[in-house]
Each structure stands twice: as structure tokens, then as C-alpha cells.
Amino acid sequence: MEKRLPREKLIEMYRKMLRIRHFEDRIYRLFLSGTMPGTIHLSQGQEAIAVGVCANLSKDDIITGTHRSHGEALAKGVSMKSLMAELFARSNGCCKGKGGSMHVGDIDVGMLPAIAIVGGGIPVATGIALAFKMKRLDRVAVSFFGDGASNEGAFHEAINMGAIWDLPVIYVCENNLYGASTHVSKVMKLKDIANRAFSYGIPGVVVDGNDVVAVYEVARKAIDRARKGEGPTLIECKTYHIGGHSRSDPRQYRDKEEEKRWLAKDPIPRMKKKLIATNILSSEKSENIEAAIEKEIDEAIKFAQSSPSPKPEDALRDVFA
Amino acid sequence: MEKRLPREKLIEMYRKMLRIRHFEDRIYRLFLSGTMPGTIHLSQGQEAIAVGVCANLSKDDIITGTHRSHGEALAKGVSMKSLMAELFARSNGCCKGKGGSMHVGDIDVGMLPAIAIVGGGIPVATGIALAFKMKRLDRVAVSFFGDGASNEGAFHEAINMGAIWDLPVIYVCENNLYGASTHVSKVMKLKDIANRAFSYGIPGVVVDGNDVVAVYEVARKAIDRARKGEGPTLIECKTYHIGGHSRSDPRQYRDKEEEKRWLAKDPIPRMKKKLIATNILSSEKSENIEAAIEKEIDEAIKFAQSSPSPKPEDALRDVFA
Amino acid sequence: MYLLKVKENKLRNLTVAEALREAIREEMRRDESVFCIGEDIGIKGGWGGAFTVTLGLSEEFGHERILDTPISELGIAGIAVGAALAGMRPIADVEYGDFIFLAMDQLINNAAKLRYMSAGKLKVPMVMRIPVGASGRGAQHAQSLESYFVHVPGLKVVCPSNAYDAKGLLKTAIRDDNPVMFFEHKLLYGAKGRREGIDARGEVPEEEYLLPFGVAEIKREGEDVTVVATLRMVYAALSAAEELEKRGISVEVIDPRTLTPLDLETILKSVHKTNRLIIVHEDNLTGGWGAELATRVTSEAFDWLDVPVTRIAAPDTPVPFAPIMENYFVPNSEDIVRTAASVLGKS
Amino acid sequence: MYLLKVKENKLRNLTVAEALREAIREEMRRDESVFCIGEDIGIKGGWGGAFTVTLGLSEEFGHERILDTPISELGIAGIAVGAALAGMRPIADVEYGDFIFLAMDQLINNAAKLRYMSAGKLKVPMVMRIPVGASGRGAQHAQSLESYFVHVPGLKVVCPSNAYDAKGLLKTAIRDDNPVMFFEHKLLYGAKGRREGIDARGEVPEEEYLLPFGVAEIKREGEDVTVVATLRMVYAALSAAEELEKRGISVEVIDPRTLTPLDLETILKSVHKTNRLIIVHEDNLTGGWGAELATRVTSEAFDWLDVPVTRIAAPDTPVPFAPIMENYFVPNSEDIVRTAASVLGKS
Ligand SMILES: Cc1ncc(C[n+]2csc(CCOP(=O)(O)OP(=O)(O)O)c2C)c(N)n1
Ligand SMILES: Cc1ncc(C[n+]2csc(CCOP(=O)(O)OP(=O)(O)O)c2C)c(N)n1
Ligand SMILES: [Mg+2]
Ligand SMILES: [Mg+2]
């Protein structure tokens with residue numbers, strides 16, 4: 001498959017995954033050191049999904065995220081500086097400090113403030129797609145959500161509505177095997193969430209969520225289909241979140257064998273290995289990429305930390321238009 | 001199939017359907033004449049479902065109904081007098097006039113006051129089944145609901161939970177092709193709602209909802225299965241409501257061909273014909289049955305109309321236990 | 001644009017349902033981004049929603065803009081939020097207000113907050129039409145719900161009591177850039193069903209007009225006591241005022257028309273004159289919007305009030321089915337007459 | 001059974017989370033029909049719910065009675081209603097209160113109404129545990145929600161502010177035959193996370209005790225002004241009282257502990273003495289329960305009040321993320337000090 005994609009695209013997807021990884025590694029440390037307020041949910045291990053899907057989108061397409069959306073935000077084009085400033089609760093954060101880690105987003109690049117009510121973004125993305133269709137715009141909406149979200153009523157109602165109206169919306173389920181501490185096998189009997197698509201009469205596809213090219217390809221097809229007016233697709237990306245649910249999660253509820261198996265599938269080393277094996281990436285180039293990312297992160301942190309805080313009374317603004 | 005069932009059972013099921021039909025025919029007239037307050041949703045044409053399912057249940061099993069549950073109430077054993085008195089808003093109605101047509105029920109015979117929020121009874125029935133399981137009781141809960149209800153989030157969440165815990169609950173979808181004025185084909189892409197069972201890893205069965213024996217058999221299997229601890233079944237009964245949605249519905253949204261096709265399948269004449277053809281029912285016996293039903297209805301109306309109204313201040317009672 | 005007084009326009013007598021329909025039709029003609037979404041609103045041969053408001057509109061605007069949905073209230077609300085965010089102006093509805101509880105998450109966590117969470121980058125111009133009030137259908141088709149929404153920052157709350165207000169306020173709601181909860185009382189639609197309805201018809205000009213939010217209407221001037229009421233209760237207040245006049249008590253009746261924003265000024269001015277305030281709503285007493293209004297008025301007009309602000313509201317029970325109990329449950333003009341007399345020491 | 005004063009019992013210092021856990025454990029041992037249902041509450045190696053309250057309970061009671069669910073709030077609430085109707089006593093929870101909006105239909109249309117609709121034949125003995133309050137997590141994990149439920153006939157509303165009350169009230173809630181909404185403030189659990197929490201620990205006797213609903217506690221006696229506060233605001237009120245004492249102002253602080261039923265009597269008695277009332281809640285101002293209390297007190301104590309009842313509450317906005325804004329949003333002791341001084345004409 002990789003062969004069909006230009007080298008630059010492959011390297012770019014690799015770089016974008018790595019950028020998310022380093023970004024999250026760093027904020028995790030900032031968070032643990034107490035420098036960063038609030039709570040965080042990291043997506044290490046799931047970067048291939050955000051990157052593979054968003055590589056098919058333009059700024060005008062709109063995505064909805066969840067409590068775990070730093071990766072989607074970076075992949076969709078939210079500037080790292082404004083993202084970092086948001087996490088630091090600064091007034092030039094992407095939500096001016098009103099959002100925080102669970103609500104990152106910037107409509108200027110096509111991402112709503114992430115919706116942290118599990119499943120809550122699915123109807124909203126469906127409504128966005130409805131607007132696109134009514135306005136005859138060649139745009140798609142993408143809703144990212146987890147395995148756990150697929151047990152919410154919102155999932156059922158919204159996908160059914162997206163389906164009956166053939167809306168240009170893609171439902172991307174990041175099945176990382178857990179909703180918080182709860183293993184997916186405890187809370188649903190079917191093996192592939194993608195098969196829930198059947199209830200709505202739309203295609204459901206399972207893809208290796210740790211293979212960015214596979215995700216890219218599957219998303220591309222679904223998005224093409226949606227743009228052609230043929231309606232939504234439910235894509236289930238099988239993946240794993242390396243760091244667990246949130247903050248400093250000791251992950252004692254996880255089976256160690258399972259963890260090991262999945263860590264071996266980490267999408268980033270996997271992609272790197274492939275790129276090197278196919279001579280697309282040299283180790284020099286690889287180091288340059290890492291260095292550039294580190295530099296960008298340093299700068300973003302510097303930017304954020306030197307940014308002003310909102311004024312207390314700013315709390316009163318932005319309620320009504 | 002019929003052969004396996006004793007003649008008395010067959011006649012009894014026929015009688016019960018007829019009783020519901022005559023009851024509803026009569027209250028419809030009372031309603032139109034302005035004698036009866038409120039609004040009504042009739043189930044003419046769907047009697048085979050209530051009767052076929054409830055014929056498998058004992059008083060200790062519990063059902064939840066909907067806005068359209070006179071039939072279920074009679075089938076489950078709510079006394080016709082108390083039902084009639086409820087519709088007449090009298091103080092000896094099954095809900096003492098607090099419920100009305102959309103909330104008929106009597107827990108003493110195993111029926112909750114019907115829940116008129118579409119889909120709202122499905123989680124409640126599931127919870128009742130959970131209680132039965134936890135208490136190790138050999139009882140089942142049955143939730144009746146419409147095709148329209150299967151698009152509600154409540155359907156999705158509750159059936160999934162019933163499934164993962166193997167609860168003794170039967171989900172009976174009465175697919176009468178319409179949710180209010182909306183044809184089922186406009187609001188879902190899949191043909192058989194029973195197939196939504198797949199999303200939850202439980203069996204889904206389609207049955208001719210206008211054939212009381214077929215309903216009886218399918219329900220029996222599902223209920224046996226549930227009692228054995230093997231979990232829920234989703235039963236979709238294909239049917240049609242002769243009189244349309246509510247009150248005096250001109251039914252202009254219905255296709256005349258469709259109507260004709262379905263009226264020909266009316267479960268009551270159909271059963272009668274079979275019973276007569278197989279010599280189970282004589283026309284004399286048939287007339288006796290009708291006469292007895294008419295008498296029962298007359299008495300129920302007399303009872304209701306001569307019953308006292310609640311006192312206005314009774315409105316203040318029964319809020320807290 | 002706002003037309004507060006009707007002058008030389010041609011007037012027609014419309015029901016509330018007709019007035020609402022006209023508002024929707026005009027706004028849909030004016031602005032392509034306006035559309036309706038809800039259950040049974042546009043089905044051919046259907047009813048135009050539970051209360052005929054959208055009847056016939058799908059013939060003019062097609063089924064894409066009068067969009068029939070599955071029975072999925074959370075979905076409807078969430079889709080309206082999304083469509084609004086992406087530049088449309090949805091008018092969503094629930095058939096009976098009681099079903100709105102299924103959509104609360106989308107309305108409160110998303111519609112009301114997304115602008116704030118985005119620090120002002122987004123707007124959510126949607127209208128949610130919510131029929132309320134007891135009408136002989138039992139506990140799950142009867143509630144008054146305004147008070148829940150008055151408590152939600154980021155939502156506007158509108159309660160028209162007659163055809164003229166209904167049209168003018170709905171047009172304003174549709175053009176508003178914020179989520180507007182638009183409450184309609186079932187007995188005021190003017191549908192011709194049995195046992196239904198008060199005559200809330202009214203003169204509606206042919207010329208286009210809009211009514212601003214936050215402007216109360218003094219329905220009747222008076223000197224002795226102020227009665228603030230909304231929706232169906234406006235009629236109870238007006239007939240109580242007539243009765244009280246016979247007894248020599250002069251009542252000022254005010255319909256705030258919108259609860260968020262609230263025209264406190266007009267109410268305070270009236271209380272300054274009458275020194276007595278009675279608030280009437282069909283919503284349950286405890287925690288109802290009457291408490292908020294009473295508290296604000298008391299806080300601003302403490303020294304003018306001769307007696308504490310009195311509330312008349314439905315008791316703290318679900319809505320009973322039997323008409324005899326329902327009538328007892330819903331406040332009526334006799335309750336107001338009695339209370340007014342007692343407030344004036346004349347009972 | 002109710003143990004209002006602790007006498008010679010052995011006392012332990014427990015956090016609110018520990019006290020709640022103990023209440024659940026005792027009731028589950030006592031009564032087989034009591035069980036817990038919620039997300040992540042019993043998973044082996046997990047956290048015992050979002051705030052550790054059920055930690056370790058599945059080891060004693062097994063996974064059938066500490067029942068982990070899918071992420072399905074409507075389902076959880078509806079199943080709790082059904083189980084309660086069929087003779088169980090579920091303790092359901094949502095991880096953060098904000099998610100309760102997904103379950104509103106089941107709570108308001110079913111839990112609160114089924115007894116009424118059945119004319120008293122049914123009862124719905126369930127507890128819904130609802131963590132509330134701002135704690136640095138942004139708009140969708142922060143709301144205070146008590147006021148919505150105070151408005152629902154048929155629901156009881158409980159708001160414990162410390163470990164002793166939390167245990168005694170939860171036990172009463174579990175034994176109550178009605179649906180009880182049990183609000184817990186996130187910053188009071190006493191979890192040891194960073195930047196978290198006020199010390200709401202307290203002496204909890206070893207001997208079993210229950211606290212009755214509808215009995216307020218006078219947390220501190222005073223003469224000049226009464227402050228009524230719940231949950232986290234009790235601490236703000238107490239520290240304001242200390243500060244005000246230094247300025248010669250004597251404050252009576254009352255924690256109603258339950259909002260439905262409400263101990264109006266204790267509050268009225270206090271106002272009779274102080275002639276001034278300040279109500280403090282973290283819930284948004286407009287339409288908050290403070291308005292109801294203010295209206296009731298004003299109506300009963302109109303002649304004793306020297307100044308109108310004053311409310312201190314969160315402003316009418318969603319909850320902002322940035323700590324600097326969140327701190328501004330949440331009422332604090334300085335707000336109370338300032339208001340009390342002004343109410344007494346000493347500002
Ligand atoms: C409606 C709702 N219920 C519960 C939560 C608490 N919660 C936050 S994340 C989470 C797990 C979500 O699981 P999943 O959808 O699989 O996403 P993941 O965290 O695995 O990315 C839960 C239960 C929530 N935020 N919203
Ligand atoms: C949550 C909710 N939404 C809408 C309604 C209004 N309503 C009453 S019956 C009905 C149609 C229900 O369709 P279906 O579930 O197929 O049952 P049927 O009426 O066909 O028996 C609707 C939309 C309702 N009662 N509850
Ligand atoms: Mg997950
Ligand atoms: Mg139907």
C-alpha cells in the first residue's frame with residue numbers, strides 16, 4: 001500500500017505522529033511537575049488515527065474531538081503554540097483559557113472545542129455534516145470518539161440520522177480496548193464495533209489503528225464516499241493507549257500480557273522501521289525531524305509560559321453572542 | 001404449529017384478542033362522543049402481540065408498556081373495570097385517575113403504569129430484570145415498544161446492558177410501520193429491526209405479529225431462554241395499527257395499497273377463520289364469546305361511569321412514599 | 001425593524017399556531033439558512049408537527065428544509081447544535097416539552113456552552129420550540145419547563161402568550177445568534193380540538209414586524225397590585241383583573257414575554273406604583289422562575305413593598321390526569337382573585 | 001436510629017470519600033437489596049469510581065453487587081429505576097455530575113413520577129450520587145446542579161458538607177423509599193490529588209448512626225447576620241465568619257444539609273434573631289435554590305428582615321477552565337465578608 005503514497009506524504013505522516021508523541025510526552029512531565037493546571041488524557045499510541053484521518057482533510061472540513069484530543073488538534077492544524085497556551089490556561093490559548101485540555105480546538109482550522117461528554121460530539125458532527133449538505137459544500141465532518149462512546153445513546157441516534165440522510169460525516173471509533181478502567185469486553189458482547197454500522201445500514205470497517213497508512217487509506221475511501229454524497233462510514237480503529245486513561249494512571253486494571261502485545265505495535269517505531277527499511281527515511285533525516293520537533297515544543301512552552309493569563313473577569317465574557 | 005397447543009389455549013388467545021378489540025372499539029366511540037377525557041392511542045390490529053406474548057407470562061412477571069397499551073394491560077390481566085375507570089378518570093381506576101390512557105397499568109398483576117416517553121420503558125424493564133436476576137427469582141420482564149422507539153438512545157443503551165448481563169428480559173418491538181405519521185423506511189435504513197440485536201450480541205427474531213400463535217411460540221422460546229439465564233431476545237413483530245396513530249387520525253399519510261394489504265391480515269378474523277376451519281371454534285361458541293365480551297364491556301362502562309371522581313386535592317397525594 | 005405598535009397595517013386574526021407558521025415561513029423565505037427539524041413536521045398527509053405549526057411548509061420549502069426525523073430527541077438537539085455551528089439556523093422542536101429531558105445534555109452542555117468554551121469564536125443560532133402546559137394528557141405530556149432553562153447560562157427563554165407576540169418573538173428568536181428556548185403553551189395554539197384551548201388569537205399585521213427580547217408588555221394598567229404572568233397564566237390574570245375590578249381592586253397585569261433576558265425594569269416600575277406583586281406561573285412552585293423574580297424584585301424594591309411578593313404556581317406534584325385534579329393543579333383566575341384580595345387585606 | 005449527637009463513641013477521622021464508602025458498606029451488609037451501579041466503580045485494579053468512593057467494595061460484595069456498567073448514563077438511571085421498582089435499593093452514580101443531563105428523562109419522567117402515576121402503589125427507593133463543583137477541569141466537568149433537582153416534585157435533594165454528614169445522610173438516603181439525589185462536592189472528598197480539596201474530614205463514630213433529612217445544622221452561632229450555605233460554600237462561610245468576628249460582626253452559619261426536604265424552621269428562627277440573611281451557593285445565581293429560599297424566608301419573615309435577603313452565587317456563565325477565572329467564578333469567603341459588611345452597613 002505504502003508504495004502508492006509519495007515519500008513526502010509518508011514522511012510527513014510520520015513526522016506528525018512523532019510531533020504528537022513528543023508533545024504529549026512533554027506535557028505529561030509538565031503536568032506531573034505541577035506546572036500545568038487541570039487534568040489531562042493522553043493519546044500516546046493512538047497517533048496514527050488522528051494523523052491518518054486528518055491527512056485526508058482540509059481546513060474547511062470540521063472535526064469533533066473528545067476528552068483525549070491533543071493529537072487530533074495537532075493533526076488538524078491547531079497551532080502548537082495556541083494549544084500549549086491553552087493547556088497553560090493562558091489568554092492566547094486556542095480557547096483563551098476557557099477550554100483547557102478537554103476542550104482544545106480552533107474553528108479557524110476546522111476543529112470545534114473538543115466535547116468531553118462521552119459520545120456528545122457525535123450528534124454535533126452529524127449536524128455539521130447536515131449543514132454542509134444543505135449548503136451544498138464539498139466538505140466533510142469527522143467525529144472522533146472511543147469504544148466506550150459507542151454504548152451511549154448519542155452514538156445510536158446520531159449515526160442513524162447521519163445514515164438516513166446520507167450525510168458527509170465519518171464516524172471514527174478509536175477502540176483502545178478501554179473506557180476509563182473498563183475493558184471493552186465487559187461492556188459489549190460483539191467483537192467489532194464496526195459491525196454496529198449494520199444497525200444503520202452504512203458500511204462499517206475495521207482497520208489497524210496503529211498503522212497510519214492503513215488508517216489513511218480507509219479514511220480516504222470513506223471520505224471520498226462521503227464527499228460523493230453516498231453517506232457516512234463507521235471506521236473502527238483498533239488501538240491502545242500506552243499511558244492509560246488519565247493523568248498518572250497506574251493501569252493496574254490492565255493485563256500485562258495485553259499491554260506487552262500492544263506496546264510492540266506502537267505505531268511510531270513501527271512506521272519508522274518501515275520508512276528506514278524502504279529507504280524513505282535516513283537516520284540523519286530522522287534525527288533532524290526529532291530535533292525540529294523538540295525545538296518547536298520548546299518554543300511553544302516558552303510562548304505559553306510567557307503569555308498573559310486571562311483576567312479574572314474574563315470569566316464573564318463570551319456567554320452570549 | 002397450532003396443533004401443539006391445546007384447543008382451550010387457542011380459543012382463549014382468540015377470546016383475549018377479541019376482548020381487546022371490542023374494548024378499544026367501544027372506548028373509541030366513547031372518546032369521540034366526548035364522554036371520555038384525555039387522548040387515546042388504540043392498538044386495533046396489534047392484539048396478537050400483546051396476547052401472544054402475555055400468554056407466556058405469570059402475574060409475577062412484569063411488563064412495561066407505552067402510550068398504546070390498553071391491549072397489553074388487558075392481556076396482562078389488568079381488570080377491565082379498573083382500566084375503564086382509569087380512562088374515565090375515576091378514583092377506582094387502576095391508577096386512581098392519576099394515570100390516564102397513556103399510563104395504564106397495575107403492578108398487582110405485573111404491569112407498571114405504562115411509560116409514554118417513547119423508548120423510556122426499555123431501561124426500566126431492563127432494571128426490573130436485573131432485580132429479578134439479583135434476587136434469583138424465576139421471573140422475566142418484558143418491554144413492549146414500537147418501531148419508532150428503536151431509534152431512541154434508550155433502546156441502544158438498555159438492550160446493550162440487558163445483553164452483557166444476560167438479564168431475563170424480552171424486548172418486544174411492535175413494528176406497525178409508523179412512528180406517529182412517519183413511515184419506518186424514512187427513519188432507518190435497515191429492513192428488519194430485529195437485526196439491531198446483532199449490535200448487542202443477542203438473538204433477534206422477526207415474527208408475523210398478526211399471527212397470535214406465531215407470536216406465542218417465538219415469545220415462549222425467548223422467555224424460556226431468559227428464564228434459563230441465557231439472556232434477552234429482541235423480537236420484532238411485524239404488524240399494523242388499523243386506526244392509525246391517535247384519536248381520530250385521518251391517516252392521510254398512509255398508502256392506500258399498504259393499508260389494504262394489511263387490513264387483509266387482521267389477526268382476529270384470521271385466527272377466527274383458522275379456528276373455525278379446524279373445528280376448534282363453532283359459530284355458536286363464537287357468538288357466545290362475543291356476547292360475553294360485550295357484556296363485560298357494558299358492565300365495565302357502567303362500573304366506571306358510576307364510580308366516584310377523585311377529589312381535587314387528591315392531586316397532592318402520592319408524591320413521596 | 002422592531003414594530004412595537006401596530007399602526008395602519010392590515011390586520012388579520014390569527015391563531016398562535018398560524019402566527020408561528022407565518023413567522024417560520026417568512027424567515028425561511030428571507031434566509032436560506034433557516035430550516036426546521038423535528039418529528040412528524042413535514043410528512044405528506046401528516047399533521048405539521050404535534051400542533052400543526054409546520055403544516056403545509058414542506059410543500060413550499062421541500063423536505064430538506066422541513067426535515068422529518070426519527071424519534072431521537074438527543075439526536076435532534078445535537079444535530080441542531082452542529083448545524084447552527086456550521087452556519088445554519090435550525091428551528092428544532094420536540095412534540096411535547098416533556099421529551100426535552102432527553103435532549104438536556106446537548107442543550108446545556110453543548111448549545112449553551114460551546115460559545116463560551118471557544119471564547120467567543122463560535123455561535124449557536126438555534127431555536128428549540130417546546131410545547132408546555134397541562135392539557136389532559138397525564139404526567140408525561142404536561143409539564144411546564146421554563147424554570148429549568150432560566151437557570152442555564154447561555155440560553156435565552158421566550159414565552160409568548162398570544163399570536164402577535166408569538167410571531168414577533170419567533171422571528172427575533174430565529175435571527176438571534178444564541179440558542180433560544182421557545183416555550184409554547186398547548187392550550188394557546190388555537191387548534192380546534194375538543195376541550196382544547198383558550199382563544200389566544202390576535203390581530204397580526206400583514207407588514208413584517210419583530211418583537212425585541214427583554215421587553216415586557218403591560219397587558220392592563222392598574223394601581224393596587226401588580227400581577228406578573230406568562231403563557232396561559234396571562235389569561236387567568238386578565239380575567240382575575242376583571243373580576244377584581246368589580247370589587248374595586250385595580251390590577252396591573254404584566255406579561256414579561258421573555259424570561260431571559262428579563263425586563264425587570266418594567267416590573268419594578270409597576271411595583272413602585274402598586275407596592276404589591278403577585279407572580280403566577282403554571283410551572284411547579286418550588287424552584288420556579290417566580291422565586292427568581294420575587295427575589296430580584298424584593299432586593300430592588302424592598303422599601304416599596306407593602307407585603308411580601310406572593311407566588312401562585314402549580315403545587316409540587318407531577319401533573320395528574322383526571323381533569324378534576326388537573327384543574328385543581330393548574331392555577332386559575334380564582335386563585336389570583338383570592339390572593340389579590342388577601343394581599344390587599346380584603347379577603 | 002438517628003444519632004444527632006455523638007456521645008461516648010469511638011471516633012475516627014475520616015475523609016468524605018471514606019465516610020461514604022463506610023455508609024455503603026454498612027448498608028450493603030445490612031440489606032441484601034442494596035447494590036451499587038455505575039461506571040468504573042468495581043473494576044479490579046481500578047479506582048472505585050471517579051472519586052474512590054467504592055474502592056475495595058467489589059472485593060467484599062462481588063461484581064454483581066458492585067456493578068460496572070457501560071458508559072450509558074440514561075441506561076444506568078433507567079435500570080436503577082427499574083431495579084428499585086422491583087424491590088432493590090440501587091445506589092447509582094455518574095462520574096461527574098455534568099453527565100446527569102443524559103439521564104434527566106429517567107430521573108424526572110420516571111423516578112420522580114412513577115409513584116404518582118401509580119397513585120401510590122409503587123415506590124422508587126434509589127439513590128443517585130452526583131459529584132458537583134468546579135475543580136479545574138473546565139465547563140463540562142464542573143457544574144453545580146442541585147437547583148435543577150430542587151425544582152422536581154418527587155425527588156429528594158441532599159448536600160452533605162463533611163464526612164459525618166455524608167455518612168449519616170447517605171445511610172438515610174439508602175433507606176428512604178423515594179429517589180434521592182445525593183450531591184457530593186468534588187473538592188470535599190479528601191482525595192489526596194494535587195491542588196485538590198478542602199479538608200472536609202471529620203470525626204465519625206464507630207457506632208452506627210443515621211441523620212434525618214430536613215434537619216439543618218447550625219455550624220456556628222451568631223447574632224448579626226445569618227449565612228446559609230451548602231457543600232463547599234459551608235467552608236467559605238465559616239472562614240468568612242472567623243474573619244468577620246475579628247471585625248466585630250457575629251455570624252450565624254447554617255448548613256441545611258438537605259434542600260428537599262428543607263428545614264425552613266431553623267433558618268427562620270435564626271433570621272428572627274439576626275434580621276439578616278445571606279445565602280451562598282456555588283450553583284449559578286439565576287434560578288438557583290437560593291432564590292427559592294430567599295422567597296420563602298422573605299414571605300415568612302418579611303417584618304423581621306432589616307435588609308433584603310442577599311444571595312452570593314456563581315455568576316451566570318459556564319465554568320471557565322483557567323484557575324484564575326475559575327477562582328473568580330466560585331464564590332469565596334472574601335465575597336461573603338464583603339457582603340456581610342455591606343448588609344450590616346459597615347462596608
Ligand atoms: C457522558 C460521560 N460519561 C462518563 C464520562 C467519564 N469518562 C471520561 S473518559 C471516559 C472513558 C471513555 O472511554 P472511550 O470512549 O473508550 O474513550 P477513551 O478514554 O478510551 O479515549 C469516561 C467514562 C464522560 N466524560 N462523559
Ligand atoms: C420521547 C418521545 N418522543 C416523541 C413522542 C411523541 N410520540 C408519541 S407516540 C409516537 C410514535 C411512536 O412510534 P412507535 O414507537 O413506532 O410506536 P407506535 O405509536 O407506532 O405504537 C411519538 C413520536 C413521545 N411520546 N416520546
Ligand atoms: Mg477507549
Ligand atoms: Mg410504530
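Below, chains carry the letters A, B, ... as their sequence lines are ordered, and counting in each starts from 1. Worth knowing before you read on, the calculation uses all heavy atoms, side chains too, and leaves out hydrogens, waters and symmetry mates.
Per-residue counts of heavy-atom pairs under 4.5 Å with chain C were compared for Ile128(A), Thr64(A), Leu112(A); the largest is that of Ile128(A). Counting heavy-atom pairs closer than 4.5 Å to chain A, the top-ranked of the candidates Gly87(C), Pro153(C), Ala77(C) is Gly87(C). Ranked by non-hydrogen atom pairs under 4.5 Å with chain C, the options Gly120(A), Gly99(A), Gly100(A) are led by Gly120(A). Options Asn178(C), Ile71(C), Asp105(C) differ in how many heavy-atom pairs under 4.5 Å they form with chain A, and the most are formed by Asn178(C). Of all the listed residues (His156(A), Arg139(A), Lys135(A), Arg317(A)), the one sharing the greatest number of non-hydrogen pairs under 4.5 Å with chain C is Lys135(A). Of the listed residues (Leu122(C), Asn109(C), Thr69(C), Leu67(C)), the one with the most heavy-atom contacts under 4.5 Å to chain A is Leu67(C).
Both the backbone and the side chain of Leu74(C) come within contact range of chain A, with heavy atoms under 4.5 Å apart. With a 4.5 Å cut-off on non-hydrogen atoms, Ala129(A) does not touch chain C at all. Both the backbone and the side chain of Ala154(A) come within less than 4.5 Å of a heavy atom of chain C. At a 4.5 Å heavy-atom cutoff, the contact between Leu155(C) and chain A is made by backbone atoms alone. Only the side chain of Ile164(A) comes within contact range of chain C, judged by heavy atoms closer than 4.5 Å. Looking at Gln106(C), the atoms closer than 4.5 Å to chain A (heavy atoms on both sides) all sit in the side chain, from C-beta outward. For chain A, no part of Lys113(C) is nearby; none of its heavy atoms comes within less than 4.5 Å.
Lys121(C) places a side-chain heavy atom less than 4.5 Å from the side chain of Asp106(A). In this structure, Pro70(C) and Met161(A) have side chains that are in contact, with non-hydrogen atoms separated by less than 4.5 Å. Residues Ile107(A) and Leu85(C) have side chains not in contact (no heavy-atom distance under 4.5 Å, counting atoms from C-beta outward).
Note on Glu64(C) versus Arg136(A): salt bridge recorded, some NZ/NE/NH1/NH2 to OD/OE distance being below 4.0 Å.
To the nearest 0.5 Å, the span separating CG on Leu114(C) from CD1 on Ile115(A) amounts to 5.0 Å. Expressed to the nearest 0.5 Å, how far CE of Met117(C) lies from NZ of Lys96(A) amounts to 15.5 Å. The CG atom of Asp108(A) sits 10.0 Å away from the OG atom of Ser118(C) when rounded to the nearest 0.5 Å. Ile79(C) CD1 to Leu130(A) CG: the interatomic distance, rounded to the nearest 0.5 Å, is 6.5 Å. For the atom pair CD of Glu73(C) and CD of Glu157(A), the computed distance is 7.0 Å after rounding to the nearest 0.5 Å.
Contact between Ala86(C) and Ala131(A) at its shortest, heavy atoms only, is CB-CB, 3.5 Å.
Side chain of Tyr116(C) to main chain of Phe320(A): no donor-acceptor pair is present (N/O by atom type, distance under 3.5 Å, no hydrogens or angles). Not one N or O on the side chain of Asp177(C) forms a donor-acceptor pair closer than 3.5 Å with the backbone of Ala321(A).
In this structure, Glu32(C) places its CD atom where only 12 or fewer heavy-atom neighbours from other residues, nucleotides or ligands lie under 6.0 Å away. Under a cut-off of 6.0 angstrom, the local environment of CZ in Phe303(A) is crowded, with over 12 non-hydrogen atoms contributed by other residues, nucleotides or ligands.
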